[in-house]
Amino acid sequence: MIILSVESTCDETAVALVRDGREILTDQIFSQADLHAVYGGVVPEIASRSHVEVIFQLADRAIEAAGVSKRDIDAVAVSYAPGLIGAVLVGVSFAKSAASALGVPLIPVHHIRGHIAANYLAYPELEPPFLCLAISGGNTLLVHVRDYTDMRILGATRDDAAGECFDKTARVLGLGYPGGKPVDALARTGDDRRYSLPVAVIEGRPYDMSFSGLKTAVINLVHHAEQTGEELDRASLCASFQRAVSESLIPRAMAAVAETGCNVLVAAGGVAANSRIRADLEQAAQRAGIRLYVPPLRLCGDNGAMIGAQAYYEYLAGHTGGSNLNAYASMELDTGLPEVAG
Ligand code: KG4
């Protein structure tokens, strides 16, 4: 089954063709990062307009690059939540038109389910059940993936997502947008014990996380140094910040692994590209004697192929959408999906 899949929830427009949920025929991505960099973050209006400009061309390019004809496409999938609403609407409108024009089913896919499914593209042997640490620009979740379309959220951030925290840290240090990669790079030469930064604990909710205190602590530290003329060790601040993020995420993930009895841990999302987090995950998994899957770097960030991968399993479960499909700014990944059959 060949699925044409569309992703437009934030600042990447992406169209892919994926066979049977596991094989990428092509994955075309247009990143808007340069358009938003001057503002230090994503400007929703600019994101929507850019999606409108490129989405048709990207779909044509995907079909050409995959060497298939439009008649070979068996379904159209789209990331319909969560995300910047204007941006998501562009993808949903395009996908509905494409499915209608081709006379094929429409498959709505939750964006974070897509991030999780990116791992199916890289690791043919990977199958649920497993525990997933989903860490992206807009979401931070611990998910028990019981089956391909049966998931339970064990914990989540109460405020900022881990990626957002990276981006704000980069911004206050003047490292540009998106901030994860430059923080990661600068941290390599720093001392992760140089600055003491908070790791929040949520009473009574062992798997929930909070990053707003960490973000504020970094901002205050930088402003204080600016005001007092104290020289800041930026590399060590980045390293200490990454240690705090890692200490928020990894012990919780390992505790969830133990509680669920999963012997497989999977990472997903843009922040899973972080070298410190990848190294700490590897060490923790090795110590616990469990199998770890971390997506290759090209599949950590937003892409269309991950939507096509999850779409295949949603389709097998009977989860298709109709002409009334809408876009949603927020949606839990483990509850029923509105307007979806099955
Ligand atoms: O998954 P993604 O592309 O978008 C969402 O679905 O939200 O994640 C984007 C986030 C950004 O916050 C970006 O700064 C972060 O992933 N990121 C990283 C790294 N590369 C990207 N964070 C930490 N370390 C990295 N190497």
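Counting starts at 1 for both ligands and their atoms, following the listed order. As a basis for the values below, the full set of heavy atoms in this structure was taken, side chains included, without hydrogen atoms, waters or symmetry mates.
- One finds no salt bridge joining D334 and R152 here, because no Lys/Arg side-chain nitrogen approaches an Asp/Glu carboxylate oxygen to under 4.0 Å.
- Between S212 and D159, the side chains place a donor N or O and an acceptor N or O closer than 3.5 Å (distance only, hydrogens not considered).
- Backbone and side-chain nitrogen or oxygen atoms of D184 are examined, and one is located within less than 3.5 angstrom of a nitrogen or oxygen of ligand 1.
- Using a 30° and 60° split on the angle between ring planes, Y177 and H36 fall in the perpendicular class, above 60°.
- The distance criterion of under 3.5 Å between nitrogen or oxygen atoms is not met by G269 with respect to ligand 1.
- When each atom of ligand 1 is checked for a heavy atom of G163 under 4.0 Å away, the hits are 12 (O).
- For atom 13 (C) of ligand 1, the candidate residues are V183, L297, D167; the nearest heavy-atom contact is made by D167.
- Against a heavy-atom cut-off of under 4.0 Å, G138 is close to the following atoms of ligand 1: 7 (O).
- The N/O atoms of G301, backbone and side chain alike, include none that comes under 3.5 Å of an N/O atom in ligand 1.
- Under 3.5 Å, the side chains of H51 and S8 contain no donor-acceptor pair of N or O atoms.
- Residues Y120 and Y313 place their aromatic rings such that the two centres sit under 6.0 Å apart.
- Scanning the protein heavy atoms around atom 22 (N) of ligand 1, the nearest turns out to be G180 CA, 3.3 Å.
- The two residues C238 and L186 come nearest to each other via the heavy atoms SG-CD2, 3.8 Å.
- Nearest protein heavy-atom contact of atom 9 (C) of ligand 1 is G137 N, 3.7 Å.
- Polar contact check, P178 against ligand 1: no nitrogen or oxygen pair lies under 3.5 Å apart.
- Any N or O atom pair closer than 3.5 Å counts here, and N274 shares at least one such pair with ligand 1.
- At least one heavy atom of H111 sits less than 4.0 Å from an atom of ligand 1.
- Ranking the protein heavy atoms by distance from atom 4 (O) of ligand 1 puts D302 OD1, 3.3 Å first.
- Inspection of the S5 and E7 side chains reveals no N or O donor paired with an N or O acceptor under 3.5 Å.
- The two residues M306 and G114 make their nearest non-hydrogen contact at CB-O, 3.1 Å.
- Distances between N or O atoms of H115 and those of ligand 1 include at least one value under 3.5 Å.
- Between E282 and R278 there is no salt bridge, since no side-chain N of the basic residue sits under 4.0 Å from a carboxylate O of the acidic one.
- Of the protein's heavy atoms, G270 O, 3.6 Å lies nearest to atom 20 (N) of ligand 1.
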**Request:** Mind running ring pair (Phe, Tyr, Trp, His ring centres under 6.0 Å) on Y312 and Y148 for me, showing each step along the way?
**Result:** CA-CA 10 Å; Y312 177 69; Y148 288 103; 8.6 Å; no
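- For C10, the closest heavy-atom approach to ligand 1 does not fall below 4.0 Å.
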